[in-house]
Amino acid sequence: MILCYHILMIQINNVTRQYDTVCALKDINLSIHKDRTILFGPSGSGKTTLLRIIASLETPSSGNVQFTKNESISMVFQKDYLFNHLTVFENIAYGLNHHDFNKDEIKSRVEWIVQVCHIDFSLSQKTSTLSGGQRQRVSLARALISKPDLLLMDEPFSQLDLQLKIELMDELIKILEENHIQLIYVTHDIEEAKKIGEEFIFIRNGHIEKIAECFD
């Protein structure tokens with residue numbers, strides 16, 4: 001059986017982002033409509049700025065971003081931003097709007113996402129005790145527990161060793177496909193881009209150099 005689901009069309013219109021004398025993005029026009037889109041380019045190219053504008057974490061100096069429907073967005077950053085004084089359970093549950101869920105519903109959601117993200121360590125331990133790979137699993141679980149339409153990821157595996165990085169990327173692709181979640185992923189790592197992406201947007205010096213469906 002083929003499962004069909006609605007992919008967000010994200011339209012970026014004439015987006016410029018100026019910081020004092022530095023122009024991070026220059027008149028970006030772009031349509032994003034693939035399951036897994038990679039924003040690829042060297043450090044300082046503007047790809048993270050564009051991702052943050054899509055997430056509404058930054059406001060463009062000019063231009064706008066439009067979606068085809070009311071979207072639910074979650075984001076995973078390069079730094080995990082976990083609360084070390086809280087438990088694994090509390091960190092994951094923090095991704096939910098607690099006004100919308102009672103305690104039983106929160107517990108059920110956490111149990112679901114723990115299985116999805118293959119978290120096999122204690123939910124009662126403090127996140128300060130976790131390894132780097134464990135912390136990224138918790139960070140991913142926190143982002144996914146709300147069942148977003150769109151997941152934004154900013155070089156989330158850059159601090160991990162190669163074997164763990166490959167393992168987490170394989171699991172990420174499976175999670176996205178099984179839960180019908182669209183992805184926009186920022187990286188400057190060629191192998192990450194090739195493994196995850198279906199469409200590649202090459203950015204340099206605040207400009208889009210090329211858009212392609214294969215990496216070459």
Is the side chain of [X] donor-acceptor paired with the backbone N or O of [Y] at a distance under 3.5 Å, no angle test?
| X | Y | value |
| --- | --- | --- |
| Arg142 | Ala93 | no |
| Thr49 | Ala24 | no |
| Asn14 | Gly63 | no |
| Arg135 | Thr127 | yes |
| Arg109 | Ile145 | yes |
| Ser74 | Leu151 | no |
| Asp35 | Gln182 | no |

In this structure, would [X] and [Y] fall into the same cluster of hydrophobic residues linked by side-chain contacts under 4.5 Å?
| X | Y | answer |
| --- | --- | --- |
| Leu96 | Phe83 | no |
| Ile73 | Tyr94 | no |
| Phe157 | Ile190 | yes |
| Val114 | Leu176 | yes |
| Leu183 | Phe202 | yes |

Could you walk me through whether Gln125 and Leu130 satisfy the side-chain contact (heavy atoms from CB on, under 4.5 Å) test, starting with their C-alpha distance in whole Å, then the side-chain angles of each, then the deciding distance to 0.1 Å, before giving a yes or no? CA-CA 8 Å; Gln125 68 188 103; Leu130 301 180; 3.4 Å; yes

[X] to [Y] - nearest heavy-atom pair and separation:
| X | Y | answer |
| --- | --- | --- |
| Thr16 | Asp27 | OG1-N, 2.9 Å |
| Gly133 | Leu160 | N-CD2, 3.9 Å |
| Ser31 | Met9 | CB-SD, 4.0 Å |
| His188 | Lys47 | N-CE, 4.1 Å |
| Pro60 | Ile53 | CD-CG2, 4.0 Å |
| Gln136 | Leu168 | CB-CD1, 4.4 Å |

Can we say Glu171 and Arg137 salt-bridge, meaning some charged N sits less than 4.0 Å from an Asp/Glu carboxylate O?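 A salt bridge is present here (some side-chain N lies under 4.0 Å from a carboxylate O).
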
Would you mind checking if Lys195 and Asp170 are paired as a salt bridge, meaning a charged N to carboxylate O distance below 4.0 Å?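 Lys195 and Asp170: salt-bridged.
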
Check each of Glu199, Glu198, Glu213 against Lys34 using the salt bridge (charged side-chain N to carboxylate O under 4.0 Å, His left out) test, and report the only one that passes.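 Testing each of Glu199, Glu198, Glu213 against Lys34, the sole residue satisfying salt bridge (charged side-chain N to carboxylate O under 4.0 Å, His left out) is Glu213.
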
side-chain contact (heavy atoms from CB on, under 4.5 Å) test vs Met153 passes for just one of Ile196, Thr187, Leu140, Ile184, namely Leu140

In this structure, which one of Val110, Leu123, Thr129, Leu82 forms a side-chain contact (heavy atoms from CB on, under 4.5 Å) with Val88? Leu123

According to the interplanar angle, ranging from 0 to 90°, do the rings of Phe77 and Tyr81 count as parallel (below 30°), tilted (30 to 60°) or perpendicular (above 60°)?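 Phe77 vs Tyr81 ring planes: perpendicular.
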
Enclosure of Gln115 CD (heavy-atom neighbours >12, cutoff 6.0 Å): no

Using a cut-off of 6.0 Å, state whether more than 12 heavy atoms not belonging to Lys26 lie near its atom NZ. yes

Arg36, Glu155, Glu192 screened by side-chain hydrogen bond (donor to acceptor under 3.5 Å, both in side chains) with Tyr185, the one that passes: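 Looking at Arg36, Glu155, Glu192, the match for Tyr185 under the side-chain hydrogen bond (donor to acceptor under 3.5 Å, both in side chains) is Glu192.
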
Which is it for Leu150 and Ile10 under the side-chain contact (heavy atoms from CB on, under 4.5 Å) test, yes or no, and what are the steps along the way? CA-CA 10 Å; Leu150 175 64; Ile10 303 163; 3.8 Å; yes

Which distance, rounded to the nearest 0.5 Å, do you find between the CG of Asn91 and the CG of Asp80? 8.5 Å

Start with the C-alpha distance between Leu50 and Ile201, add both sets of side-chain angles, then the distance that settles side-chain contact (heavy atoms from CB on, under 4.5 Å), and finish with yes or no. CA-CA 11 Å; Leu50 181 56; Ile201 298 167; 5.8 Å; no

Side chain to side chain contact (heavy atoms under 4.5 Å, CB included) partners of Asn102, counting only residues at least two apart: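 Asp104, Glu105.
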
Just so I know, are the side chains of Leu51 and Met75 near enough to count as touching, which here means a heavy-atom distance under 4.5 Å? yes

